[in-house]
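Bear in mind that the values here come from a model prediction, so they are computed numbers and not experimental data. First the proteins, then the strands, lettered A, B, ... as listed; each starts at 1.
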There are 2 protein chains.
Amino acid sequence: MSNLEPTVLEPEVAPCCPPITSAELSVEDSVRMAAMFKALSDPVRLRLFSKIASHPGGEACVCDIQDVGVSQPTVSHHLKKLREAGLLTSERRGTWVYYQVAPSVVAGMAALLDLNR
Amino acid sequence: MSNLEPTVLEPEVAPCCPPITSAELSVEDSVRMAAMFKALSDPVRLRLFSKIASHPGGEACVCDIQDVGVSQPTVSHHLKKLREAGLLTSERRGTWVYYQVAPSVVAGMAALLDLNR
DNA sequence: TCAACACATCGACGTTTGTCGAATCAGGCG
DNA sequence: CGCCTGATTCGACAAACGTCGATGTGTTGA
C-alpha cells in the first residue's frame, strides 16, 4: 500500500471493545457498537462505504461514488449516517466534499468480531 | 481459554469477501453482508450474541441469556433474526434449545473490515 | 393423562427507516 | 453581481422494525 504514511493511527482510538468471545458486552457498549453495525446494515450504505474504502488514499469525493442507484439526496443522507456513526469523516475542498474512512473505528468493529482470541 | 478443543475452524468458510479496502463490493455481496451487519445492529441482539459468544464452548441455552431487559417472546424473535442471518445455529437438546455462534460467518464479517491488507 | 416448564409463533401497536422531489446552502466563474 | 454546479436539508410517505401479551408447540415428569 502507500508507504507515504506510516499509518499513524488516530490518537483517539475507540476504547471499545475486547473480542466478543472474551466477555459479555455491557449495555452501554452494546448500544455504541450496535449503532456502528447499523450504519453498515443497509446495502446502499455498505456500497458507499466500500467505494470510499477501496478508493486510492481511502477517500473519495461524493461525485465519484454517487452512482449507486438512488437519488443524490439519498446518497447524501446515507453518507451523513455513516459520518454520524463515526465510520467516515468529511472535508470540503473547494467545490467538492471528500469522505474518508475512520480507520480506528472500523478496526474496533473488526476487533470485536475476532473470534480467535 | 479452554484447551479441550484445538479450535478447528469450520471447513466451510464463507466465500465472502475480500477486505473492503481491496475492492468495491458488488451489489449482491453488499446485500448479503448488509443483512449480517443488520443482525448485529440492535443493542439487544448484540448483547444476546455477546452472551452466547462469550459462554464457555461458544454456546448457550436460551434460559441462560434471556435476561436482557425485554420479554421472552422478544428474545425469541431476536434469536430468530440472528439465526436467519447465519450468525447463530440452534439445536434442541431435551427441554432446552442451545444456540451456537457460526464461526466462519462471523470471521467473514471481520475479514471484510480488516483495513490492513 | 395431565400439569408444568421452555421456547416459538401470532397479531397488534407505535416508532424508525429509506426514499423521493423540492428547496436551500456553498463555491467557482463569467 | 448573477448563474451554474456540487452537496445538504426539508417534508412527506410507505415499508420495515422492535416490542408486547396471548396463544401454540414440544418435552419432562408425576
Chemist: From dG18(D), dC20(C), dG6(D), pick the nucleotide closest to the side chain of His78(B)?
Modeler: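 So the nucleotide nearest the side chain must be dG18(D).
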Chemist: Over how many whole Å does the gap from Glu84(B) atom CD to dG18(D) atom P extend?
Modeler: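 In whole Å, dG18(D) P and Glu84(B) CD are 12 Å from each other.
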Chemist: Rounded to the nearest angstrom, tell me the gap between atom CG in Leu48(A) and atom C1' in dA7(D).
Modeler: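 Atom CG in Leu48(A) sits about 14 Å away from atom C1' in dA7(D).
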Chemist: Quick check for you: to the nearest 0.5 Å, what is the distance between Leu82(A) atom CG and Lys80(A) atom NZ?
Modeler: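 These two atoms lie 13.0 Å from each other.
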Chemist: Quick one: which of dT19(D), dC7(C), dG18(C) gets closest to the side chain of Val97(B)?
Modeler: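 Side chain of Val97(B) sits closest to dC7(C).
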Chemist: The side chain of Thr95(B) lies closest to which of these nucleotides: dA6(C), dT9(D), dA22(D)?
Modeler: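 Of the options given, the side chain of Thr95(B) lies nearest dA6(C).
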Chemist: If only side-chain N and O atoms of Lys38(A) are considered, is one of them under 4.0 Å from the OP1 or OP2 phosphate oxygen of dT16(C)?
Modeler: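 So the side chain of Lys38(A) is outside the cut-off, no N or O lying under 4.0 Å from OP1 or OP2 of dT16(C).
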Chemist: Are Met33(A) and Val70(B) linked, directly or through other ILVMFWY residues, by side chains that come within less than 4.5 angstrom of each other?
Modeler: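 Yes, Met33(A) and Val70(B) fall within the same hydrophobic cluster.
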Chemist: What heavy-atom pair brings Ala39(A) and Ala85(A) nearest, and what distance separates the two atoms?
Modeler: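 Shortest heavy-atom separation between Ala39(A) and Ala85(A) comes out as CB-CB, 3.5 Å.
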Chemist: Starting at the 5' end of DNA chain C, which residue's closest nucleotide do you reach first, Asp42(A) or Gly94(A)?
Modeler: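 Its nucleotide being nearer the 5' end, the pick is Asp42(A).
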Chemist: Tell me the interatomic distance from Gln66(A), atom CD, to dT5(D), atom P, rounded to whole angstroms.
Modeler: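 Rounded to the whole Å, the gap is 14 Å.
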Chemist: Can you check the Glu91(A) CD to dG27(C) P distance for me, whole Å?
Modeler: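 Roughly 13 Å, once rounded to whole Å.
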Chemist: What is the distance from CG of Leu79(B) to C1' of dA6(C), rounded to the nearest Å?
Modeler: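 Taking atom C1' of dA6(C) as the reference, CG of Leu79(B) is at 13 Å.
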Chemist: Taking the minimum atom-to-atom distance to the side chain of Val70(B), which one of dT19(C), dC20(D), dA8(C) wins?
Modeler: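 Between dT19(C), dC20(D), dA8(C), the one nearest the side chain of Val70(B) would be dC20(D).
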Chemist: Which sits closer to the 5' end of DNA chain D, Arg92(B) or His77(A), going by the nucleotide each is nearest to?
Modeler: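 On the 5' side of the pair lies His77(A).
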Chemist: Distance check: side-chain N/O of Lys80(B) vs OP1/OP2 of dC7(C), anything under 4.0 Å?
Modeler: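 Checking Lys80(B) against dC7(C): no side-chain N or O falls below 4.0 Å of OP1 or OP2.
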Chemist: What is the distance from CZ of Phe37(B) to P of dT17(C), rounded to the nearest Å?
Modeler: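 Taking atom P of dT17(C) as the reference, CZ of Phe37(B) is at 18 Å.
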Chemist: Classify the nucleic acid contact of Arg45(A) as base, sugar-phosphate or nothing, counting any heavy atom under 4.0 Å across all strands shown.
Modeler: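 Sugar-phosphate contact only.
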Chemist: Can you tell which of dG21(C), dA7(D), dC20(D) lies closest to the side chain of Pro73(A)?
Modeler: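 So the nucleotide nearest the side chain must be dG21(C).
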Chemist: Between atom NZ of Lys81(A) and atom CG of Leu87(A), what is the distance when rounded to the nearest 0.5 Å?
Modeler: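 If we round to the nearest 0.5 Å, Lys81(A):NZ and Leu87(A):CG are 12.5 Å apart.
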Chemist: Using only side-chain N and O atoms of Ser76(A), determine if any of them is under 4.0 Å from OP1 or OP2 of dA7(D).
Modeler: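 So the side-chain polar atoms of Ser76(A) never come under 4.0 Å of the phosphate oxygens OP1 or OP2 of dA7(D).
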Chemist: Looking only at side-chain N and O atoms, does Thr74(A) come under 4.0 Å of OP1 or OP2 in dG18(C)?
Modeler: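 Checking dG18(C) against Thr74(A), no side-chain N or O comes under 4.0 Å of OP1 or OP2.
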Chemist: Taking atom types as they are modelled, is there a donor-acceptor pair under 3.5 Å from the base of dA8(C) to the side chain of Gln72(B)?
Modeler: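 Yes, a donor-acceptor pair under 3.5 Å.
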Chemist: Nearest whole Å is fine: how far is dG18(D) C1' from Leu82(B) CG?
Modeler: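 Rounded to the whole Å, the gap is 13 Å.
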Chemist: Do Glu24(B) and Ser54(A) have a side chain donor and acceptor closer than 3.5 Å?
Modeler: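 No donor-acceptor contact under 3.5 Å links the two side chains.
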Chemist: What is the separation between atom CD1 on Ile65(B) and atom C1' on dA6(C), rounded to the nearest whole Å?
Modeler: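 That distance rounds to 13 Å.
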Chemist: dT8(D), OP1 or OP2 - any side-chain N/O from Tyr99(A) closer than 4.0 Å?
Modeler: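 Indeed, a polar side-chain atom of Tyr99(A) lies that close.
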Chemist: Could you measure the distance from the CZ atom of Arg45(B) to the OG atom of Ser30(A)? Nearest 0.5 Å is fine.
Modeler: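 The OG atom of Ser30(A) is 12.0 Å from CZ of Arg45(B), to the nearest 0.5 Å.
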